[in-house]
K.L.:
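The structure under discussion is supplied below as structure tokens; questions concerning it will follow.
Worth knowing before you read on, the calculation uses all heavy atoms, side chains too, and leaves out hydrogens, waters and symmetry mates.
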Amino acid sequence: MEIWHAPLDLATLNAASEGTAMRHLGIEFSAFGPDWIEATMPVDHRTMQPFKLLHGGASVLLAETLGSMAANACLDSSRQVSVGQEINANHVRGVRGGQVTGRATPIHRGRTSQVWEIRIADDDGKLCCISRITMAVIDTPGQR
């Protein structure tokens with residue numbers, strides 16, 4: 001069963017990233033299903049820390065991008081939007097190159113909050129980071 005308020009389109013998802021941190025880090029939405037969204041991010045000079053490993057902050061930015069986009073895609077934006085409240089991440093494996101792929105799936109979609117899990121894996125499909133984001137669902141600013 002599809003959870004999205006309107007049909008998703010990769011071109012539209014990626015266009016929303018123009019002029020943002022996501023574009024600077026090379027994050028691209030790459031796939032979606034009835035209740036999940038995926039995006040990729042390169043592991044290169046933009047996303048590495050000084051020891052030539054994927055920077056944990058870049059992983060968190062990918063996770064928040066996925067969780068936020070997924071949460072908002074479930075809502076009628078003329079009435080409600082979703083904003084981040086809390087995010088955590090466990091970095092479980094270093095990545096030295098290639099790209100990582102994150103997938104956001106819902107844990108809870110309620111009237112006033114949503115919780116999403118984001119699993120980030122390397123090119124070999126090995127888990128490198130697992131994150132959870134809590135989103136507050138609020139009235140669209142200017143709407144009542």
K.L.:
Taking W4 for the side chain and G33 for the main chain, is one N or O donor matched with an acceptor at less than 3.5 Å?
P.N.:
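Pair found, side chain donor or acceptor close to backbone of G33.
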K.L.:
Please lay out, stage by stage, how S59 and L54 fare under the test side-chain contact (heavy atoms from CB on, under 4.5 Å).
P.N.:
CA-CA 8 Å; S59 295; L54 176 61; 3.3 Å; yes
K.L.:
In the single-linkage hydrophobic clustering (I, L, V, M, F, W, Y; side-chain heavy atoms under 4.5 Å), do I3 and F32 co-cluster?
P.N.:
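As far as the 4.5 Å side-chain criterion goes, F32 and I3 are connected within one cluster.
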K.L.:
With a 3.5 Å distance limit and no angle check, can you tell me whether D123 reaches the backbone of Q99 through a side-chain donor-acceptor pair?
P.N.:
yes
K.L.:
I'd like to check S82 versus W116 (side-chain heavy atoms, cut-off strictly below 4.5 Å). Are they in contact?
P.N.:
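No. Closest side-chain heavy atoms not under 4.5 Å.
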K.L.:
Between atom OG1 of T105 and atom CD1 of I37, what is the distance when rounded to the nearest 0.5 Å?
P.N.:
11.0 Å
K.L.:
Residues two or more places apart in sequence or in another chain: which of them pass side-chain contact (heavy atoms from CB on, under 4.5 Å) with E64?
P.N.:
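Only S68, I87, I133 meet the side-chain contact (heavy atoms from CB on, under 4.5 Å) criterion with E64.
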K.L.:
Just verifying a value: how many Å separate L13 CG and M69 CE, rounded to the nearest 0.5 Å?
P.N.:
5.5 Å
K.L.:
Same hydrophobic cluster for L53 and I120, using side-chain heavy-atom links shorter than 4.5 Å among ILVMFWY?
P.N.:
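As far as the 4.5 Å side-chain criterion goes, I120 and L53 are not connected within one cluster.
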K.L.:
Do E2 and D35 have side-chain heavy atoms sitting under 4.5 Å apart?
P.N.:
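Heavy-atom side-chain distance check fails, nothing below 4.5 Å.
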K.L.:
Yes or no on side-chain contact (heavy atoms from CB on, under 4.5 Å) for L62 and M41, after CA distance, side-chain angles and deciding distance?
P.N.:
CA-CA 7 Å; L62 174 59; M41 181 177 67; 4.2 Å; yes
K.L.:
Quick one: pull up NE2 in H108 and CD in E117 and give me the separation to the nearest 0.5 Å.
P.N.:
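Taking NE2 in H108 and CD in E117, the distance rounds to 15.0 Å.
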K.L.:
Please identify each residue that fulfils side-chain contact (heavy atoms from CB on, under 4.5 Å) with E18, with sequence neighbours left out.
P.N.:
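E18 satisfies side-chain contact (heavy atoms from CB on, under 4.5 Å) with R23 only.
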K.L.:
Under 4.5 Å between side-chain heavy atoms, hopping through other hydrophobics if needed: is there a path connecting I27 to L8?
P.N.:
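Linked within one cluster.
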K.L.:
Within the side chain of D122, is there an N or O that forms a donor-acceptor pair under 3.5 Å with the backbone of D124?
P.N.:
yes
K.L.:
Looking only at atom types and distance, does a side-chain atom of S113 sit under 3.5 Å from a main-chain N or O of G110, one as donor and one as acceptor?
P.N.:
no
K.L.:
Kindly compute the distance separating NE2 (H5) from CG (D76), expressed to the nearest 0.5 Å.
P.N.:
3.5 Å
K.L.:
For M48, give me all partners under side-chain contact (heavy atoms from CB on, under 4.5 Å), at least two apart in sequence or on another chain.
P.N.:
V43, K52
K.L.:
Do T40 and V100 pass the side-chain contact (heavy atoms from CB on, under 4.5 Å) test, and can you show the C-alpha distance, the side-chain angles, and the key distance before you say yes or no?
P.N.:
CA-CA 6 Å; T40 60; V100 291; over 6 Å; no
K.L.:
If hydrophobic clusters are built by linking Ile, Leu, Val, Met, Phe, Trp and Tyr wherever their side-chain heavy atoms come under 4.5 Å apart, do L75 and W36 end up in the same one?
P.N.:
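In one cluster with L75: W36, no.
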K.L.:
Verify the cluster assignment for V137 and M135: are they in a single hydrophobic cluster under the rule of side-chain heavy atoms below 4.5 Å apart?
P.N.:
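In one cluster with V137: M135, no.
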K.L.:
Report yes if some heavy atom in the side chain of Q114 is under 4.5 Å from a heavy atom in the side chain of C74; otherwise report no.
P.N.:
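Yes - at least one pair of side-chain heavy atoms lies under 4.5 Å apart.
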K.L.:
Okay, side chain of S131, backbone of A63: is any donor-acceptor separation there less than 3.5 Å?
P.N.:
no
K.L.:
With heavy-atom distances below 4.5 Å as the criterion, would you say the side chains of L61 and L25 are in contact?
P.N.:
yes
K.L.:
Give me each pair satisfying salt bridge (Lys or Arg N to Asp or Glu O under 4.0 Å) with a member in residues 88-116, each pair once, sequence neighbours excluded.
P.N.:
E38-R103
K.L.:
Would you please test H91 and V60 for side-chain contact (heavy atoms from CB on, under 4.5 Å) and show each step?
P.N.:
CA-CA 10 Å; H91 307 290; V60 173; 4.3 Å; yes
K.L.:
Who else is in the cluster with I138 when I, L, V, M, F, W and Y are joined by side-chain contacts under 4.5 Å?
P.N.:
V81, V83
K.L.:
Residues two or more places apart in sequence or in another chain: which of them pass side-chain contact (heavy atoms from CB on, under 4.5 Å) with P7?
P.N.:
none
K.L.:
Measure the CG-CZ distance between L10 and F29 for me, rounded to the nearest 0.5 Å.
P.N.:
9.5 Å
K.L.:
So, for A70 and A104, which heavy atoms are closest and what is the spacing to 0.1 Å?
P.N.:
CB-CB, 4.4 Å
K.L.:
Would you check if the side chain of S17 reaches a backbone N or O of M22 as a donor-acceptor pair within less than 3.5 Å?
P.N.:
no
K.L.:
Where do V95 and C128 come nearest, in terms of heavy atoms and distance?
P.N.:
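Shortest heavy-atom contact: CG2-CB, 3.7 Å.
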